[in-house]
Amino acid sequence: MKQNLLLFPSGSQLAKPDLINILALVTIWTLMVILVNPIGDFPLNDDWAYGRAVQSLIEKGDFQLSDWTATNLFSQVFWGALFCLPFGFSFTALRFSTLTLGLIGVVTTYGLLKEVNSSYKFSVLGALLVAINPIYFQLSNTFMNDVPFFAFTTVALYFLLRGLKYDSNIEITFGILMACVAILARQAGLAIPLAFGCAYIMKKGIRISNIVRGFCPALLGIALQFTYQKWLQLTMRSPYAYGDQIKTLLKEFSEGIQNIFSNYTTISLYSLIYLGLFIFPLLTIVFYRNFKQFSARKQKIFLIASSFFFVVVMQRLVSRNRIMPLVGNVLVDFGLGPVGLINSYLPQAPRIFWIVATAIGVVGAALLLQYLFLAIIQILAGDSSSETGEKKWVTTFILSFVVIYFFPLGLLGLSSQGFYDRYLIVLLPFLMMTVLVCRAKISENVSYRLMPLVLIMMLIGGGFTIAATHDYLSSNRVVWQALNNLMQESQISPDRIDGGFEFNGWYLCNHKNRVSSDKAINFSCLWGDKNDDYAIAFRPVNGYKEVKRYPFSSWMPFTQRNVLVLQKIK
């Protein structure tokens with residue numbers, strides 16, 4: 001098959017520069033992992049629930065999800081179990097299972113970007129932006145569901161894209177299988193075969209036979225989801241929180257159209273700001289050349305529109321005290337979280353730090369909106385040239401996935417069971433692909449001219465990510481040292497200790513933690529009890545006295561902090 005060398009310059013095999021770049025990405029990832037030190041047999045965030053499923057599979061041979069589980073999790077549980085087989089269950093093994101998938105996600109991002117542009121530099125830059133993303137890297141050092149889903153999704157999209165590109169049934173088949181793996185990790189994986197169907201029709205034409213072929217994988221994915229869901233129900237394995245976001249969506253819909261519109265516009269704006277900030281270095285280089293090619297009139301229109309957008313959005317955010325981080329969960333103040341201890345806190349960043357970050361994110365959001373608009377125009381364009389035809393189905397593939405994936409997220413609202421910042425990381429490769437597909441040709445000297453600015457942004461971002469992830473792991477390692485000593489040396493029962501969200505979940509919230517009936521689950525155990533005799537905290541708590549402290553080094557800011565063991569005053 002004749003290939004379009006303008007859009008898809010790479011052949012079916014890796015070239016020597018690709019191998020060198022991939023080796024560089026692996027080396028950088030490995031160094032980052034060594035610096036933060038992921039070793040430690042303790043859960044982080046929702047790890048206690050997801051790890052329980054792996055422990056059940058390894059030690060009992062029984063696939064049993066915790067009631068706290070809302071996602072499918074099936075493929076992730078078996079992946080984690082593979083890493084536990086050599087030495088038995090541990091959270092360290094689970095963490096390395098996710099770190100492996102995190103690296104696969106970074107390398108696959110490189111592959112995806114290389115498939116849609118001719119520049120090695122842009123492909124490496126995009127992959128590095130994923131690797132040093134604070135949310136992505138921190139989650140790679142946990143057993144959370146987001147990075148495994150990212151890796152399964154990008155691998156599936158990579159092979160489906162190449163399958164369509166080369167008319168390769170083998171690659172399409174492997175891509176469909178990986179899409180099934182992604183669906184069995186998280187229900188949102190259904191966006192993959194649906195996007196494939198849209199791209200297939202765009203490339204092959206709107207005929208009944210093409211519609212059937214294009215959407216057969218989507219029907220397979222839907223059947224897989226319903227089969228898995230039914231299996232969980234019939235075997236009494238369905239967790240209480242399974243599909244919790246569907247309940248959240250129904251609740252939001254019940255509050256009226258105005259509430260839905262408000263939620264959607266707010267979350268869409270916040271998401272654009274996050275994503276604009278995260279890929280700003282790439283946006284800077286690409287847009288610089290595009291802007292220079294505009295006519296004087298177009299430049300003036302863009303500057304006026306962008307300035308208006310920037311002023312209106314910044315005024316709205318600052319006046320409402322809504323600056324980055326805009327939504328909770330992982331990116332929290334001057335560090336990464338969440339921090340689940342009683343009276344928990346993180347070092348406070350200067351307000352100007354987050355105002356600047358927000359401003360950069362708003363500028364990035366304005367640029368992203370431009371490229372999304374250009375992508376839509378590209379799909380609707382009547383040009384029938386070979387290059388435009390290739391770009392159309394590729395852009396359709398990318399945008400279809402983004403729209404289908406994001407649509408339900410934008411309706412969730414900002415409630416406690418709603419939208420989280422970590423849901424956005426899977427969109428990073430696809431938005432970067434959109435930018436590169438829609439870009440004008442960029443001369444080599446442009447990238448060199450902007451390289452100092454890009455390097456500064458990358459160093460600041462990478463430094464923040466490494467330091468904040470180190471502190472997150474280091475503080476939790478000391479917290480669990482204090483908890484283990486309290487239980488083993490002082491012989492204090494776990495039900496007398498408020499050890500934070502993860503400790504309480506691991507020791508006090510088991511799968512059968514029912515209250516009045518089989519339909520009711522008591523998750524209050526996660527938040528501790530005011531009558532607990534002991535508590536672990538980073539600072540003093542009213543009604544408790546300090547009995548011991550454990551120091552640990554913090555990199556951001558570079559200082560010594562303490563974990564306190566507190567005893568209730570009677």
Side-chain angles (χ1 to χ4, degrees), residues 46 68-74 76 135 139 144-150 152-154 156-157 179-199 215 217-226 228-229 232 238-239 241-275 326-330 368 372 376 396-431 434:
D46 290 337
W68 187 249
T69 306
T71 62
N72 284 339
L73 206 70
F74 185 86
Q76 183 183 346
I135 298 175
L139 289 172
M144 291 289 285
N145 183 245
D146 306 87
V147 169
F149 178 69
F150 179 104
F152 300 147
T153 297
T154 52
L157 266 293
C180 291
V181 173
I183 292 168
L184 288 175
R186 182 182 285 185
Q187 295 90 317
L190 286 168
I192 303 169
L194 289 170
F196 172 80
C198 296
F215 283 100
L219 294 176
L220 173 64
I222 293 170
L224 177 64
Q225 173 58 40
F226 277 104
Y228 177 70
Q229 193 169 323
L232 289 178
S238 186
Y242 184 71
D244 236 11
Q245 291 180 331
I246 300 298
K247 301 174 188 175
T248 303
L249 285 174
L250 293 175
K251 179 183 175 184
E252 295 295 334
F253 273 107
S254 69
E255 296 182 8
I257 297 296
Q258 185 176 355
N259 179 67
I260 295 171
F261 180 77
S262 176
N263 283 342
Y264 209 88
T265 53
T266 300
I267 290 176
S268 297
L269 176 61
Y270 288 178
S271 299
L272 282 169
I273 294 171
Y274 271 92
L275 293 165
L326 295 166
V327 295
N329 205 238
V330 178
L368 268 180
L372 290 171
I376 294 170
T396 299
F397 202 169
I398 298 166
L399 284 192
S400 296
F401 177 83
V402 171
V403 171
I404 296 168
Y405 173 80
F406 183 78
F407 178 75
L409 295 182
L411 299 171
L412 286 175
L414 298 172
S415 63
S416 59
Q417 296 297 324
F419 181 82
Y420 296 132
D421 55 8
R422 53 190 170 86
Y423 296 158
L424 294 173
I425 59 171
V426 76
L427 296 176
L428 292 173
F430 304 103
L431 290 177
T434 302

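All residue numbers refer to positions in the sequence shown, counting from 1. Predicted, not measured: the structure shown is a model, and the values here were computed from it.
- One distance of note links CG of Leu411 with CD1 of Ile260; it measures 6.5 Å at 0.5 Å rounding.
- The backbone N or O of Leu326 lies less than 3.5 Å from a partner atom in the side chain of Tyr274, making a donor-acceptor pair.
- Considering all non-hydrogen atoms of both residues, Pro429 and Phe150 come closest at CG-CZ, 3.4 Å.
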What's the verdict on side chain to side chain contact (heavy atoms under 4.5 Å, CB included) for Phe401 and Phe196, showing C-alpha distance, side-chain angles and the deciding distance?
CA-CA 8 Å; Phe401 177 83; Phe196 172 80; over 6 Å; no
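- Interatomic distance, CZ of Phe419 versus CG of Leu409, reported as 6.0 Å (0.5 Å rounding).
- Taken from CG in Asp421 to CG in Leu139, the straight-line distance is 8.0 Å, to the nearest 0.5 Å.
- Nearest heavy atoms, Ala195 versus Ile404: N-CD1, 4.1 Å.
- Aromatic ring pairs are classed by plane angle as parallel below 30°, tilted from 30° to 60° and perpendicular above 60°; the pair Phe149 and Tyr405 is parallel.
- Ring planes of Phe74 and Tyr228: perpendicular class, angle over 60° (limits at 30 and 60°).
- Side-chain contact between Tyr423 and Ile267 is absent, with no heavy-atom pair separated by less than 4.5 Å.
- Atom OG1 of Thr71 is separated from atom CZ of Arg186 by 6.5 Å, given to the nearest 0.5 angstrom.
- In this structure, Thr396 and Ser400 approach most closely via the heavy-atom pair O-OG, 2.6 Å.
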Take Leu372 and Leu431 through the side chain to side chain contact (heavy atoms under 4.5 Å, CB included) test and state the conclusion after the steps.
CA-CA 8 Å; Leu372 290 171; Leu431 290 177; 4.0 Å; yes
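- Taking all atoms of both residues into account, the shortest heavy-atom contact from Ser271 to Leu424 is OG-CD2, 3.5 Å.
- Here the shortest heavy-atom pairing between Phe406 and Leu427 reads CD1-CD1, 4.3 Å.
- Atom OG1 of Thr266 is separated from atom CZ of Phe261 by 9.0 Å, given to the nearest 0.5 angstrom.
- The two residues Phe397 and Ile192 make their nearest non-hydrogen contact at CE2-O, 4.3 Å.
- The main-chain N or O of Met144 is never found under 3.5 Å from a side-chain atom of Asp46 such that the two would form a donor-acceptor pair.
- For the atom pair Gln187 CD and Leu73 CG, the distance stands at 9.5 Å (nearest 0.5 Å).
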